[in-house]
Amino acid sequence: MTDRYEPHAIEPKWRARWEETKLYAANDDDPRPKWYALTMFPYPSGDLHTGHWYAIAPSDVAARYRRMLGYNVMFPMGFDSFGLPAENAAIKRNIDPKAWTYQNIDRMRGQLRLMGASFDWDREVVTSDPSYYKWTQWWFLQFYKNKLAYQAESLANWCPGCQTVLANEQVLDGRCERSDDVVERRMMRQWFFKITAYADELLRYDGIEWPERIKTMQRNWIGRSEGAQLNFRVDVPAIEVPLTVFTTRPDTIYGATFMVLAPEHPLVGRITTPAQQADVDAYVVATGRATEIDRLSTEREKTGVFTGAFAFNPFNGERVPIWIADYVLATYGTGAVMAVPAHDQRDFEFATKFRLPIVPAYDHPQIDVSKPLVAAFPHGGRMINSGEFTGIQESEAVGKVVAYAEANGIGRGAVTYRLRDWSVSRQRFWGAPLPFIHCAKCGTQPVPDSDLPVVLPENVDFVPTGQSPLTLLEDWVRVACPNCGSEARRETDTLDTFMCSSWYQMRYADPKNPERPFSSEAAKKWFPVDQYTGGAEHAVMHLLYTRFFWKAARDMGLVEGDEPMKRLVNQGVILGPDGNRMSKSRGNVVAPDDQVEKWGADAFRCQLMFVGPWDQGGPYNPTGMSGIVRWLNRVWYLVEEPVRRAKLPDAEETRSLRRTTHKTILAATDEIENFRFNTYISRLMEHSTALQKARDAGPVDREAWDEGVRTMILLTAPLAPHLAEELWSRIGGSYSVHIQTWPTADGALAHDAEVELVIQVNGKVRDHVLLPAGSSEAEAWAAVMALPRLQEYLSGREPRRVIYVPDKLLNIVV
RNA sequence: GCCGAAGUGGCGGAAUGGCAGACGCGGCGGUCUCAAACACCGCUAGGCUAAAACCUGUGUGGGUUCGAAUCCCACCUUCGGCACCA
């Protein structure tokens, strides 16, 4: 009696068995080599969507593959559960954010289980649990004690929609990456992490295998520029300290005809002359009102105002006017530039508009520099108008100018980064409270480690005020100063959730430790992550922060090695069937629960991987599902349908069957090793077709057939874990298929005895000939010359040249 | 504007210097069936053909090579990143 393949009968059964037997638990005492497989944990929004499946299911396939290779695999899962949506739900629907979050976690945990992924649920971490955020707070104090965390008053990115400050990384094109609101600038006191201290090291990726794309994005974000700082004496009697600029082109110093300060530059108020005061004030106010978007637009015409003050060019002593303009950014370099209109297009536009002098510091082979320029030219030939430097080639100029500046105390070589310190304080409730107490006498005091965690209070009023709702909780805020004992107030800002996710992979190694974030034994056992998978959208946020965090932890002596994740693979974005991003408004959302209900988890997993290369993403094709279902059925019937098997004498049919099996092992292993799941599946499809054909031509050799089927099941196990487990038990395999050894190919068996040689004439395919593998050129030539059709093509012409690629082709050039 | 990736049948895609279109969807034809399919078998780039042979064909134009989807140059298009960062 043949059973049908019914996923709904077998999937829940095996999932229950796996959990009962703790099949996927990673054991700290297991002596086998460890493999730490990690996939980015989700935010508990309340519903697992196809994007989660697309990211996680293939990560599970890779983890299962490693397990079958014999590694002691840790593949944990958890929830990144602090964050704004919970609080917004609280405001909108009057639900406790904690209750909302934990309901969602329960639901999503169930949805994740449906996937049949091999998570070790005993290691689950939930970042909003006090047992977790106690250590997030502890980390913050460590950073503080190591002078990597500090408070400062500065211009912050304020999202009016989210009612909180954002890190620079969370601002995309002047808008909030979450809510899309236009970000405003506000002077605020905030907490920062000194990520810039690691800027140089973050540019290096030694010993790790990360996608070029991510490395490029991080390098762009860090934005290292080499140049020099030059000091200009200001021609205002009260100003003793020189005005310092950063430039990447110190060699153009003789072309610096004016200076420009950012409107927020601290010197502006002190150098502006009474005559210019009104204009300057008006301009500063107007700039403050402009959004970041307006300010950064390159299309906009340059604006600016003269301060009335002058400074002296330290090289030629020229007295140059000091202007302010919003094209100079207060937060980059020194917030002041020397303007060289002849060689910088921005300065050129500004000079043209305000009729400021333009003096070239270089000549140029195609440009007559004695005539007025029509545009700036960044690079030229030899220095001109440059005093003792005149005549020097551009390639040598920077070095000589900087050396002179250093020798004469008017400047020095310098490096500037685009990267700025990471703003980590948020004016919201649903996050880890910053563990600090503000005392009128003692100043800001860290909460003692023994008082951690600083627990979030319950029963809070959620009114968006621009301050954390915590400020309204007088009982919670009022506290004794840990230093002097007098009445003090708690810090009411909470931590950016990216802080929680910067170290979650460490906690998985020792998730229940009440004494420490993790034991050093656990760290030695499991760190670093061997394989990390997740979306590229985190390139300059989570993926940058977690590297910084790790390096800081290393310097505190808490972890070893320079990088947290050895190998990173990014999946692409799965799109709706219409090729657009899935969205409710488009009506193209594919709900995973529905797909599982309809086809089973195994089929849905396979279809997601089969639609195309994982790293490219692309449209999901629900109609194509029938192909996957057919294939899974075909695999099923390889086991379930009767087969005429016998011990056969050595025959080509048997050799061919075994060849197919061993070739499949070789090819498929290479595909799965490199995350090419679509072609991995096609290899398995080809193998099942070959098995079917052999069976239908039957009888088949018993051993060769059993080997073929066993291999089929083993190779299918990572993809369709439930189906494979069921079939494995049906052929009498011991529990579980998922801890069996990955099949190894016998190279000799995989080898073809005969090959079809392609015959080309002048590079065009004209014929084929069957030859024993490994034939020499002479043997091939003899076989080819015997082909009657070939003589027609040659039509008596003499071969001029013959190219022979053994076992592949023979090309005759006439 | 700068940097990067990509462009292949009706569709998703395969092939990274050696037979273009693997594998799958869809379509067409057939088998089993009273009938059907999430079953099974066959065909399926275009042109010219009774069929083959043959010719054309991987965004466009050129080049390198015995041989190019693959390498090089220029251009077009799409996507991603950066962008008044001195």
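Basis for what follows: all heavy atoms, side chains included, without hydrogens, waters or symmetry-related copies. By convention in this document, chain letters (A, B, ...) are assigned in the order of the sequence lines, proteins followed by strands, and residues within each chain are numbered from 1.
The side chain of A:Ser225 contributes an N or O atom lying less than 4.0 Å from OP1 or OP2 of B:A86. The phosphate of B:A14 (OP1 or OP2) has no side-chain N or O of A:Arg676 nearer than 4.0 angstrom. Of the side-chain N and O atoms in A:Arg213, none sit less than 4.0 angstrom from OP1 or OP2 of B:A5.
Here the P atom of nucleotide B:A22 and the CG atom of A:Asp670 are 21 Å apart, to the nearest Å. Between A:Arg219 atom CZ and B:G4 atom C1' the separation is 12 Å, expressed in whole Å. In this structure, the CG atom of A:Leu543 is 15 Å from the C1' atom of B:G81, given to the nearest Å. Rounded to whole Å, atom P of B:U65 lies 18 Å from atom NZ of A:Lys764. In this structure, the CD atom of A:Glu671 is 11 Å from the C1' atom of B:C23, given to the nearest Å. Rounded to whole Å, atom P of B:C79 lies 21 Å from atom CG of A:Asn570. The nearest whole Å value for the distance from the CD atom in A:Glu169 to the P atom in B:C82 is 11 Å. Remark: P of B:C25 and OH of A:Tyr620 are 14 Å apart, rounded to the nearest angstrom.
The 5' end of RNA chain B is approached more closely, in terms of each residue's nearest nucleotide, by A:Glu686 than by the other of A:Glu686 and A:Met217. Nearer to the 5' terminus of RNA chain B, by closest-nucleotide assignment, is the contact made by A:Gly612 (compared with the other of A:Ile812 and A:Gly612).
Taking the O4'-C1'-N9-C4 or O4'-C1'-N1-C2 dihedral as appropriate, B:G9 has a value within 90° of 0 and is therefore syn.
Using a 4.0 Å heavy-atom cutoff across all strands shown, A:Val611 reaches sugar-phosphate atoms only and no base atom. Base contact: A:Asn811 has a heavy atom under 4.0 Å from a base atom.
Of the listed nucleotides (B:A86, B:A15, B:C66), B:A86 has the atom at the smallest distance from the side chain of A:Asp344. Closest to the side chain of A:Thr679, out of B:G18, B:A14, B:A86, is B:A14. Candidate nucleotides B:A14, B:C25, B:G67 were compared by shortest atom distance to the side chain of A:Thr623, and B:C25 ranks first. Listed nucleotides B:C66, B:A86, B:C54 differ in distance to A:Val813; the shortest reach to its side chain belongs to B:C66. Side-chain proximity of A:Val328 to the nucleotides B:G18, B:A86, B:C82 is greatest for B:A86. The nucleotide whose nearest atom lies closest to any side-chain atom of A:Asp326 is, among B:A86, B:A15, B:C84, B:C84.
Remark: aromatic rings of A:Tyr620 and A:Phe604 are close, center separation under 6.0 Å. Ring centroid separation for the pair A:Phe350 and A:Tyr327 comes in under the 6.0 Å cut-off.
Side-chain to base pairing of A:Asn220 with B:C82: no donor and acceptor N or O lie closer than 3.5 Å to each other. Counting distance only, with no hydrogens placed and no angle test, the side-chain atoms of A:Lys302 and the base atoms of B:C84 include a donor-acceptor pair under 3.5 Å. For a distance-only test at 3.5 Å, the side chain of A:Glu212 fails to qualify as a donor-acceptor partner of the base of B:G4. At a cut-off of 3.5 angstrom, counting only N and O atoms as typed in the model, there is a donor on one side and an acceptor on the other between the side-chain of A:Glu756 and the base of B:C19.
Base pairing analysis places B:C34 opposite nothing; no Watson-Crick or G-U wobble pair with both distances below 3.5 Å involves it. The partner of B:G7, taking Watson-Crick or G-U wobble pairs whose two distances both stay under 3.5 Å, is B:C76. The partner of B:C48 is absent, by the rule that a Watson-Crick or G-U pair needs both atom distances under 3.5 Å. With a cut-off of 3.5 Å on both Watson-Crick or G-U wobble distances, the partner of B:G57 is given as none. As the counterpart of B:G29, B:C41 is assigned, both hydrogen-bonding distances of the Watson-Crick or G-U wobble pattern falling under 3.5 Å. Using Watson-Crick or G-U wobble geometry with both donor-acceptor distances under 3.5 Å, B:C19 finds no partner in any strand shown. Base pairing of B:C2 is made with B:G81, judged by Watson-Crick or G-U wobble geometry with both donor-acceptor distances under 3.5 Å.
The separation of B:A45 from B:C25, taken at their P atoms, amounts to 16 Å, rounded to a whole angstrom. Separating the C1' atom of B:C55 from that of B:U49 is a span of 12 Å, rounded to the nearest Å. A distance of about 13 Å separates the P atoms of B:U44 and B:A51, rounded to the whole Å. Annotation: B:U56 and B:A20 have their P atoms spaced 12 Å apart (nearest Å). As rounded to the nearest Å, B:U58 and B:G9 have C1' atoms that lie 10 Å from one another. Comparing the C1' positions of B:A69 and B:G57 gives a spacing of 11 Å, expressed to the nearest Å. For B:C41 and B:A50, the C1' atoms lie 25 Å apart once the distance is rounded to whole Å. Atom C1' of B:A15 sits at a distance of 24 Å from the matching atom of B:G4, rounded to the whole Å.
Side-chain contact annotation: A:Glu349 with A:Thr352, donor-acceptor N/O pair under 3.5 Å absent. Looking at A:Asn231 and A:Thr244, their side chains do bring a donor and an acceptor atom within 3.5 Å of each other.
Side-chain contact check for A:Leu261 versus A:Ile322: some heavy-atom pair is nearer than 4.5 Å. In this structure the side chain of A:Asn570 reaches within 4.5 angstrom of the side chain of A:Ile214, judged on heavy atoms.
Screening residues 611-624 of chain A for salt bridge (charged side-chain N to carboxylate O under 4.0 Å, His left out), with sequence neighbours left out, gives no hits.
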> Going 5' to 3' along nucleotides 35-47 of chain B, which nucleotides have protein heavy atoms under 4.0 Å from the base (write B), which only from the sugar-phosphate (write S), and which from neither (write -)?
Replying inline: ---BSS-S-----
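Taking A:Ser656 as the reference, nothing meets the side-chain hydrogen bond (donor to acceptor under 3.5 Å, both in side chains) condition, with sequence neighbours excluded.
A salt bridge links A:Arg676 to A:Asp670: one of the charged nitrogens lies within less than 4.0 Å of a carboxylate oxygen.
Between the side chain of A:Arg249 and the main chain of A:Pro378, a donor-acceptor pair closer than 3.5 Å is present.
With A:Trp599 as the aromatic partner, A:Arg605 does not meet the cation-pi criteria of under 6.0 angstrom to the ring centre and within 45 degrees of the ring axis.
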